[in-house]
Protein chains: 2
Amino acid sequence: MPKISKNSEGVSKKEEILNAAIILFAEQGFSNTSITEVAKATNASTANIFYHFKTKEELFLAALQNVKEGIISHFDEYFKDREFENGLQMMEEIIAYYLYIAGAMEQWFLLLHSHYPYRLALVNEVCREHLEKTYNSLVEIFEKAVVKGKEDGSIADVDSRKTALVIFSMIEGVVRFKIYNLYDSGVLFAELIKSCNKILKYKE
Amino acid sequence: MPKISKNSEGVSKKEEILNAAIILFAEQGFSNTSITEVAKATNASTANIFYHFKTKEELFLAALQNVKEGIISHFDEYFKDREFENGLQMMEEIIAYYLYIAGAMEQWFLLLHSHYPYRLALVNEVCREHLEKTYNSLVEIFEKAVVKGKEDGSIADVDSRKTALVIFSMIEGVVRFKIYNLYDSGVLFAELIKSCNKILKYKE
DNA sequence: GATAAAACTGATTAGTCAGTCAGTGTTTAG
DNA sequence: CTAAACACTGACTGACTAATCAGTTTTATC
């Protein structure tokens with residue numbers, strides 16, 4: 001009796017397993033998610049998961065890589081054929097898109113906000129590289145807006161990198177409040193943009 | 001043969017267990033920390049831990065309560081007999097103290113930044129109350145500075161609560177970068193204060 | 001120094017965990 | 001059509017898990 005794959009097309013069992021793993025690791029954490037759970041969610045045997053991914057840790061690293069690539073490609077897509085009035089306007093739209101993605105792809109940000117990958121990064125180079133690449137790409141996006149704004153005059157003469165980092169950490173703080181159900185980012189959005197404008201428009 | 005307690009004075013076995021639990025839960029997470037580990041760290045039997053704390057979850061809740069009380073009492077102590085020039089100055093000193101405490105008592109903030117308590121809060125009222133109380137106390141501190149600054153003229157006519165929330169999320173973002181070893185908060189400190197000043201000194 | 005309450009332990013249990021392995025079905029390429 | 005590579009499974013293992021319990025030791029009180 002041949003088993004017909006649930007996926008009508010394109011999505012292999014391996015991808016199906018990976019996608020389920022991202023959601024489960026994000027929602028429940030690494031230690032609290034068992035391979036059996038991933039297996040149940042995908043109608044696979046645990047042995048099959050270990051056939052595709054050598055260990056549970058490797059499955060997690062694949063999930064992290066997937067998240068990294070997802071975030072980067074989403075932003076690449078967003079910037080494609082998009083023009084911005086000026087740097088300040090660009091920053092505002094980036095923040096709006098960041099908060100949108102953090103809501104739409106909450107699993108990605110839950111995974112990135114969990115403690116496990118940062119502990120793993122201390123002993124695992126691959127993990128460290130995924131995290132570094134992800135964060136560098138994100139900070140770079142903010143930095144680009146600052147540099148552009150300084151050129152077109154919409155942003156004051158501030159330190160591009162440091163200002164980008166502070167704004168990024170402000171957004172990440174709000175994203176954390178949102179995904180941990182502490183405060184709603186919608187309520188804070190207008191205030192966030194206002195604060196961001198002040199940081200960018202004034203030199204001290 | 002009477003067993004002499006390791007603690008020369010004051011610290012009971014129960015407290016010893018609780019302190020070890022805070023550190024282990026903070027560093028390794030709830031699921032990845034076993035009662036056996038806590039037992040080994042305190043030279044106690046697992047049965048004794050279950051004698052003092054009915055379940056592993058209750059031990060975690062006690063740890064969270066301890067963190068809550070620790071943070072609140074540290075800030076209470078900090079404000080005791082302390083005068084501030086004005087609201088803006090007060091804010092700067094609060095931020096400095098916040099970052100200091102987040103470094104000195106890193107376990108507390110690691111515990112508060114882990115995902116587990118926020119998941120638990122969805123189904124456990126006690127947990128929810130601990131988290132709410134902790135965050136309300138912290139936001140209130142920032143809000144007090146804004147209110148004071150608006151009174152003495154050092155801070156512009158901004159929305160006190162919302163501005164406090166945005167600044168708080170900015171600080172929490174930086175704290176997260178610090179405790180997850182992403183960026184050093186020392187490098188960002190000066191920039192943080194500058195940005196904060198701009199947010200507070202200008203009305204749009 | 002007797003008594004009771006509190007603190008503590010060793011041994012155990014039922015269950016879950018990541019990971020293995022020998023073997024079966026399925027796809028693909030010549 | 002065949003052979004090899006690939007995808008997949010059921011049954012299993014040894015290590016670990018939270019929690020229990022009957023019984024012992026320590027402490028506090030009179």
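These numbers were taken from a predicted model, which means no experiment stands behind them. Chain A is the first sequence line, chain B the second, and so forth, proteins listed ahead of strands; every chain is numbered from 1.
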With sequence neighbours left out, write down each residue that passes ring pair (Phe, Tyr, Trp, His ring centres under 6.0 Å) with A/Phe60, or none if nothing qualifies.
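So A/Phe60 forms a ring pair (Phe, Tyr, Trp, His ring centres under 6.0 Å) with A/Phe25, A/Phe30, A/Tyr116.
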Who are the ring pair (Phe, Tyr, Trp, His ring centres under 6.0 Å) partners of A/His130, not counting sequence neighbours?
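Result, ring pair (Phe, Tyr, Trp, His ring centres under 6.0 Å) vs A/His130: none returned.
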[X] [atom1] to [N] [atom2]: how many Å, rounded?
X: B/Asn43; N: C/dA7; atom1: CG; atom2: P; value: 19 Å
X: B/Leu18; N: C/dA7; atom1: CG; atom2: P; value: 15 Å
X: A/Leu24; N: C/dC17; atom1: CG; atom2: P; value: 12 Å
X: A/Ile35; N: D/dA15; atom1: CD1; atom2: C1'; value: 16 Å
X: B/Gln28; N: D/dC16; atom1: CD; atom2: P; value: 15 Å
X: B/Asn32; N: C/dT16; atom1: CG; atom2: P; value: 19 Å
X: A/Ile17; N: D/dC8; atom1: CD1; atom2: C1'; value: 10 Å

When you check the side-chain N and O atoms of B/Ser137 and B/Glu140, is any donor under 3.5 Å from an acceptor?
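B/Ser137 vs B/Glu140: no donor-acceptor pair found between side chains.
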More than 12 non-hydrogen atoms from neighbouring residues, nucleotides or ligands closer than 6.0 Å to CZ on B/Phe189, yes or no?
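Yes - once you tally the heavy atoms of other residues, nucleotides and ligands closer than 6.0 Å, there are more than 12.
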Using a cut-off of 6.0 Å, state whether more than 12 heavy atoms not belonging to B/Lys162 lie near its atom NZ.
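Count not over threshold, so no.
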Looking at C/dA18, I'd like to know if its phosphate oxygens (OP1 or OP2) sit under 4.0 Å from a side-chain N or O belonging to A/Lys56.
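Yes, within the criterion.
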Apply salt bridge (Lys or Arg N to Asp or Glu O under 4.0 Å) to B/Lys13 and B/Glu16, showing your working.
CA-CA 5 Å; B/Lys13 199 84 193 172; B/Glu16 205 189 333; 3.7 Å; yes
Please work out which of the three classes, parallel, tilted or perpendicular, describes the rings of A/Tyr183 and A/Phe177, given edges at 30° and 60°.
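Because their plane-to-plane angle is over 60°, the rings of A/Phe177 and A/Tyr183 count as perpendicular.
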Please list, chain by chain and in numerical order, all residues satisfying salt bridge (Lys or Arg N to Asp or Glu O under 4.0 Å) with A/Lys194, sequence neighbours excluded.
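A/Glu191, B/Glu204.
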Using a heavy-atom cut-off of 4.0 Å across all strands, would you classify B/Ser31 as base, sugar-phosphate, or nothing?
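Here B/Ser31 touches no strand at all.
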So which of residues 117-126 of chain B are in contact with DNA chain D, with a heavy-atom cut-off of under 4.0 Å?
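Residues of residues 117-126 of chain B under 4.0 Å from DNA chain D: none.
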Selection: residues 44-55 of chain A, any non-hydrogen atom under 4.0 Å of DNA chain D
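Result for residues 44-55 of chain A: A/Ala44, A/Ser45, A/Ala47, A/Asn48, A/Tyr51, A/His52, sorted by number.
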What pairs of residues pass the salt bridge (charged side-chain N to carboxylate O under 4.0 Å, His left out) test when at least one of them lies in residues 120-133 of chain A, not counting sequence neighbours?
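Matches after skipping sequence neighbours: none remain.
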